[in-house]
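What follows is a single structure, written as structure tokens, with notes after it.
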Amino acid sequence: MDTETQSAYQEELQRLEQTSNEIDKQLKRLQATPVYYGPDLTEQALEVVREQARDNLGKAVEEPYFGRLDFQETGHSAVAPLYIGKAGVEDERTGQLLVIDWRAPVASLFYSFTGGLDPASYESPDGMIEGLVYMKRNLVIRKQILQRVVDTYNREEDSLAVGDEFLLYRLGENKDNKLRDIVSTIQAEQDRIIRAAKNTALIIQGVAGSGKTTVALHRLAFLLYQYREQIRAERMVIFAPNSMFLDYISGVLPELGVGNIQQSTFTDWVLDVLENEVKLADPSLTLQTWFAVGPKRPVIDETAPGRFKGSITFKQYLDDCLKLFEESYVPTADFLPWEGAKLPLAMIREWFFVENKHYPMAKRRERVIARIKRWMEMQLDKIWEQTRKKELKKKAAQRLRTYLTGWPEYTSFTFYKMLFSEQGRPASLPPELLARIPEGIQAASAKLFKKKEVQLEDLAPLLYIHTRLNGIASDQMFDHVVIDEAQDFSPFQVAVLDSYTRNRSFTILGDLSQGIHAYQGILDWKEFSSLFREEETGYFELERSYRSTMEIIQFANQVLQRGVEHPLLAVPVFRSGNKVRVLQTDAKGRLPLVQQAIATLQQGNVSTIAIVARTEKLAEELHGQLTAAGIDANLITAKQRVYRGGISVLPVYLTKGLEFDAVVLMDITAQHYEATLIDAKLLYVGCTRALHELWLVAAGELSPLINTDDADIVTTESPQ
Ligand SMILES: Nc1ncnc2c1ncn2[C@@H]1O[C@H](COP(=O)(O)OP(=O)(O)OP(=O)(O)O)[C@@H](O)[C@H]1O
């Protein structure tokens, strides 16, 4: 350690001691205060504040801060050192801020400042504040012990750009089985997204590993801090592609001190709103169909069920049906509860079409029926003779039941089902309408609906009908919605979510290059942005990739270039590692080669390894063989809910969103990965899951998507 570094270290040690003492003192006092369980509302509110403070200080006591920025505000003579941490801490005696919350306006300087001598500025509640940055320092503190002090900018030195050394140190670390927070190394382009204003539909196109998921989670924490008076955590939601992915990201929000944000898949959420009236057909069958190898794979076009039912055209079709249906959704005759009494049809129509016009359809029916019942009561009140009254009451109830069979109640499913077949359709829905649905889709849907089962692409239409029949209660509305892996969402899904979201407050993230579910997702972000007005939409691109080494990113980019016409290529951060390894063998040599690869990788200090097969069936087979050979590996299937880490065996399409220290991609042959758009995307997804090591195994002719120029090629022949 040189003298300068040593004195910086000493200075920070001293500061750490002071801050830790203050936090300790405050925490002990709070812990000694008895928890209030009584009925007094003011005391209850104070207890909530104390609980939050206990939580924050409990975290801060271990790692009070991670960064320091020396800033001189214009017009002030002093240069103030600002310490940035996950939670703000105040000196109780002086009121001085010892640690600034990373989400506070002034902390944005720590992230947005990229170097140079020019003044820097940040937006405070009182307007723009300008000043000079003298130093930016990263600090690693673990369990109150100062482990590292790294200056990434110093105004007095020759190099005036903010250095990447600390970022590289963080990126070089191995990962366990959970995604982590990045508060200490958020990059300027990510910070802009995290701090973007609440009431916009933000669309973010980010290459693989650019931190989209991580940024979205940090954005939620920021929004809760910045707009704490307007939004509540329970009313924010993050939609992720599957339950295992939710488990994988589940650690980040608690780390950021944020709880109670809803985390769900679109499927689970819709099924819940529909009170599980329908069941989802086994999704692995759909995946097997669309990810089949070679000619068995269906063609993806606008008549693919997912594309068709996910389109705004289909939503329009539902609108047309709902409109026609609603126009004649009333009984067709007067109601005669008993001889001599008559409620004229014109009156019922008036109640339905005029008086209750503002209610959704099912609610209108409900209200009109309640009105009919009230009218009946009034008629009965005019009858004095009790036996006769009782008799008529019974008769009227019976006649009402019969009368209502001509005015049936619909749920979203019964209504939707009716749109796919000739049978049981009311006259208001002419058969010509049905012709707007391709015949193949009609037949397959009608067959499936008989079992009360639906596909993923039916969920948005079902929910939409539900909203039109029943409306949306205000406690069902979201304050903010995050959609991760949004390239796999359909425009219809986003449109229906929009009706559940206040003020268009969306963060929509994805990567078109990873659009492997093109049979249901989008091909262009315009499909979403066209749903919102221009002034309500924000668009960002992230092109730097933080996950993988340069060698891996360059290799993956070449894969993409061989299959995609205008690929969105990732720019790696300068983190160099081993070359990508391509292992060629014959059919017999495949298993021994994987076993050997696992053994070698494990010696090399990696903690998570993915063995990635082309299909679910191949993954199952390989998992069986590895288990028989005594290797402890987890098979990941579409139904998996927990990600365990260690060695995982899984089909390539299930790797999306995840990351592993090392990835061994199996079956990289011409048979399994053709030079097509979809195979290039699949292979790209597989390659970009690797942080440090990427190995590819081909038992046969190598896929045309692979460029071996910069890779290590090892050919092994199995013994005859
Ligand atoms: N600023 C950063 N500092 C440190 N690590 C970062 C930063 N940004 C991203 N990372 C790391 O990069 C990896 C990729 O992040 P994340 O999974 O959020 O990216 P993504 O864009 O959602 O990826 P993909 O689309 O490939 O699934 C994670 O390990 C994350 O911790």
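Indexing begins at 1, ligand by ligand and atom by atom, following the structure's order.
Nearest-heavy-atom check against atom 31 (O) of ligand 1 across D484, I182, T185 picks out I182. Considering only non-hydrogen atoms, atom 18 (O) of ligand 1 lies nearest to T214 out of T214, L171, D191.
Applying the salt bridge (charged side-chain N to carboxylate O under 4.0 Å, His left out) criterion to E189, with sequence neighbours excluded, gives no partner residue.
Close contacts between ligand 1 and S210 involve ligand atoms 19 (O), 21 (O) [criterion: under 4.0 Å to a heavy atom]. Listed by number with element, the atoms of ligand 1 under 4.0 angstrom from any heavy atom of V207 are 21 (O).
Of the possible polar contacts, none joining the K198 side chain to the L223 backbone as a donor-acceptor pair under 3.5 Å is found.
For ligand 1, none of its N or O atoms has an N or O atom of R180 under 3.5 Å away. Between R170 and ligand 1, no N or O atom pair is found at a separation short of 3.5 Å. Close N/O approach between T213 and ligand 1 is found [any backbone or side-chain N/O within under 3.5 Å]. Remark: ligand 1 and L179 share no N or O pair separated by less than 3.5 Å (distance only, no angle test).
No side-chain donor-acceptor contact under 3.5 Å links R170 and T185. For the residue pair T152 / E165, no side-chain donor-acceptor distance below 3.5 Å is found, with atom types taken as modelled.
Applying the ring pair (Phe, Tyr, Trp, His ring centres under 6.0 Å) test to pairs two or more places apart or on separate chains, those with a residue in residues 187-220 are W102-H218.
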